[in-house]
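Please read the structure below before turning to the comments.
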Protein chains: 2
Amino acid sequence: MSPAPLEPASGEPPPIFRLKADFFRVLGHPARVRILELLRDGERSVGELQAATGLESSGTSQHLTAMRRQGLVESRRAGTSVFYRAKDPRIFQLLEIAKQILAGRLEETRELLGDLAAEDAPRS
Amino acid sequence: MSPAPLEPASGEPPPIFRLKADFFRVLGHPARVRILELLRDGERSVGELQAATGLESSGTSQHLTAMRRQGLVESRRAGTSVFYRAKDPRIFQLLEIAKQILAGRLEETRELLGDLAAEDAPRS
DNA sequence: TTTATGTCTACAGAGTTTTGAAGATTTGCA
DNA sequence: TGCAAATCTTCAAAACTCTGTAGACATAAA
């Protein structure tokens with residue numbers, strides 16, 4: 001069995017786990033997650049997204065460009081505005097599962113805090 | 001309606017989209033995706049993971065630490081070895097959906113290439 | 001004590017994000 | 001038509017964050 005090293009000979013097609021990592025990395029920024037959450041309700045103009053995130057217009061545009069490169073969003077122009085939308089609805093499933101995993105973690109933390117409190121006031 | 005800025009007053013609890021971003025960011029590295037894929041088949045020692053990824057033992061340990069901080073993995077010690085396992089099986093769902101989204105993208109690319117080839121040899 | 005395994009620390013190099021200014025495109029209007 | 005306003009995008013420099021590497025440290029077993 002080959003050990004499947006992390007860095008194959010250059011020039012080869014990138015291994016799947018690298019593609020996945022690039023994909024997840026683009027989700028690894030609060031502004032981009034926020035934008036995707038906004039797009040769950042339908043398309044939004046850059047201006048609207050900018051207002052919602054509080055970013056510079058330039059920054060907003062760059063985040064959108066990054067997401068487009070990863071095939072996460074697509075856009076259409078209408079007058080001087082550009083509207084963005086999610087390209088694949090499965091991205092929302094992804095966000096949903098992430099939320100569930102995070103919720104599980106928070107629940108765990110909550111129980112732990114409860115246990116700590118119980119130690120101060122022992123004997124139920 | 002408040003615009004929900006990206007950066008709230010410091011000291012407040014972090015907004016959900018920041019937690020999600022932190023979560024995804026930890027998935028944004030090939031070695032870590034690779035490690036999770038290996039853990040799909042059950043627990044693995046650091047040494048095994050190191051061999052599979054081709055990293056230094058130190059690097060492997062650091063990636064595992066990062067994933068533990070995010071609650072993605074947990075470990076147990078057995079003799080001089082430490083075995084890691086995924087903490088929440090839903091993480092594999094996440095990887096699966098990512099794979100599907102990526103597969104869709106590749107399919108698209110393939111079609112596009114087909115179209116280009118067709119232009120060189122027109123008239124079907 | 002020595003060997004086997006992992007983890008921690010520190011830091012240089014690589015990569016990402018922010019910011020501000022300049023450029024592009026479309027529309028409206030004199 | 002020609003100009004100005006509105007909306008985005010691109011570019012480049014500075015600030016920041018992450019990763020790989022190497023060595024010291026920790027722990028368990030022989």
Side-chain angles (χ1 to χ4, degrees), chain A residues 5-8 10 14 17-36 38-39 43-70 72-85, chain B residues 5-8 10 14 17-36 38-39 43-70 72-85:
Chain A
L6 219 49
E7 297 296 345
S10 89
F17 50 84
R18 173 174 290 288
L19 294 180
K20 281 189 196 164
D22 290 346
F23 175 81
F24 283 124
R25 180 158 355 178
V26 90
L27 295 176
H29 190 291
R32 298 196 286 255
V33 169
R34 185 92 178 86
I35 287 173
L36 284 174
L38 290 165
L39 295 184
E43 65 176 16
R44 289 275 185 284
S45 74
V46 176
E48 292 174 312
L49 295 172
Q50 182 192 342
T53 56
L55 293 171
E56 297 293 316
S57 102
S58 142
T60 308
S61 195
Q62 279 165 170
H63 285 304
L64 288 167
T65 298
M67 290 199 280
R68 194 203 330 256
R69 265 201 310 272
Q70 276 303 314
L72 248 55
V73 299
E74 50 192 2
S75 61
R76 80 185 165 87
R77 175 159 215 135
T80 64
S81 293
V82 175
F83 289 84
Y84 278 83
R85 61 182 171 285
Chain B
L6 219 52
E7 295 297 345
S10 89
F17 50 84
R18 174 174 290 288
L19 295 180
K20 282 188 195 163
D22 290 347
F23 175 81
F24 282 125
R25 181 160 343 174
V26 90
L27 296 176
H29 189 291
R32 298 195 286 254
V33 170
R34 185 93 179 87
I35 287 173
L36 284 175
L38 290 165
L39 295 184
E43 64 176 17
R44 290 274 184 283
S45 73
V46 176
E48 292 172 312
L49 295 172
Q50 181 190 345
T53 56
L55 293 170
E56 297 293 314
S57 105
S58 149
T60 308
S61 192
Q62 281 166 171
H63 285 302
L64 288 167
T65 297
M67 291 200 278
R68 195 207 324 257
R69 265 201 311 271
Q70 276 302 314
L72 249 56
V73 299
E74 51 191 3
S75 60
R76 80 184 166 88
R77 177 161 212 132
T80 65
S81 294
V82 175
F83 288 85
Y84 278 83
R85 61 182 172 284

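Nothing here was measured: the structure is a model prediction, and the numbers come from that model. So you know, we letter chains A, B, ... as the sequences are listed, proteins then strands, and number each from 1. The analysis underlying the following values was restricted to heavy atoms, covering all of them including side chains, and did not include hydrogens, waters or symmetry mates.
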(request) Record whether the side chain of A/Ser58 comes under 3.5 Å of the base of C/dG20 through a donor-acceptor pair of N or O atoms. (result)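 In this structure, the two groups form a donor-acceptor pair.
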
(message) Check this for me: does the side-chain of A/Thr60 come within 3.5 Å of the base of D/dC8 through a donor and an acceptor?
(response)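 Looking at the base of D/dC8, it does not pair with any donor or acceptor on the side chain of A/Thr60 (distance under 3.5 Å).
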
Write down the distance between [atom1] ([X]) and [atom2] ([N]), rounded to a whole number of angstrom.
{"X": "A/Gln62", "N": "D/dC8", "atom1": "CD", "atom2": "C1'", "answer": "12 Å"}
{"X": "B/Phe24", "N": "D/dT17", "atom1": "CZ", "atom2": "C1'", "answer": "20 Å"}
{"X": "B/Gln50", "N": "C/dA4", "atom1": "CD", "atom2": "P", "answer": "14 Å"}
{"X": "A/His29", "N": "D/dT17", "atom1": "NE2", "atom2": "P", "answer": "11 Å"}
{"X": "A/His63", "N": "D/dT10", "atom1": "NE2", "atom2": "P", "answer": "15 Å"}
{"X": "A/Glu43", "N": "D/dC8", "atom1": "CD", "atom2": "P", "answer": "12 Å"}
{"X": "B/Leu55", "N": "D/dC18", "atom1": "CG", "atom2": "C1'", "answer": "14 Å"}
{"X": "B/Asp22", "N": "D/dT17", "atom1": "CG", "atom2": "P", "answer": "12 Å"}

(request) For A/Glu74, enumerate each residue passing the salt bridge (charged side-chain N to carboxylate O under 4.0 Å, His left out) test, keeping only those at least two apart in sequence or located in another chain. (result)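 Only A/Arg85 meet the salt bridge (charged side-chain N to carboxylate O under 4.0 Å, His left out) criterion with A/Glu74.
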
(request) Tell me what A/Gly59 touches on the nucleic acid: a base, only sugar-phosphate, or nothing, going by heavy atoms under 4.0 Å. (result) base

(request) Report which part of the nucleic acid B/Ser81 touches: base, sugar-phosphate, or nothing (heavy-atom distance under 4.0 Å, all strands). (result)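 If one applies the 4.0 Å heavy-atom cut-off, B/Ser81 turns out to touch the sugar-phosphate alone, with no base involved.
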
(request) Examine D/dC18: is either OP1 or OP2 under 4.0 Å from a nitrogen or oxygen in the side chain of B/Arg25? Give yes or no. (result)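 Yes, because at least one side-chain N or O of B/Arg25 sits under 4.0 Å from OP1 or OP2 of D/dC18.
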
(request) Determine whether B/Leu49 and B/Leu55 make a side-chain contact, defined as any pair of heavy atoms from C-beta on separated by less than 4.5 Å. (result)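 They are not in contact (no side-chain heavy atoms under 4.5 Å apart), so the answer is no.
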
(request) Tell me which of A/Arg77 and B/Tyr84 sits closer to the 5' end of DNA chain C, going by the nucleotide each one is nearest to. (result)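 Here B/Tyr84 is the residue nearer the 5' end.
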
Counting side-chain heavy atoms from C-beta on, which of [options] comes nearest to [X]?
{"X": "B/Thr65", "options": "D/dG20, C/dC8, D/dC8", "answer": "C/dC8"}
{"X": "A/Thr80", "options": "D/dT21, C/dA4, C/dT26", "answer": "C/dT26"}
{"X": "A/Val82", "options": "D/dC8, C/dG6, D/dT19", "answer": "D/dC8"}

(request) Say whether, by atom type as modelled, one donor and one acceptor occur between the side chain of B/Arg32 and the main chain of B/Met67 under 3.5 angstrom. (result) no

(request) Look only at the side chain of B/Thr65 and the backbone of B/Ser61, and say whether a donor-acceptor pair between them is shorter than 3.5 Å. (result)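 Confirmed, B/Thr65 side chain pairs with B/Ser61 backbone.
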
(message) Parallel, tilted or perpendicular: which one describes the rings of B/Phe24 and A/Phe24, with boundaries at 30° and 60°?
(response)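 Taking A/Phe24 first and then B/Phe24, their aromatic rings lie parallel (interplane angle under 30°).
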
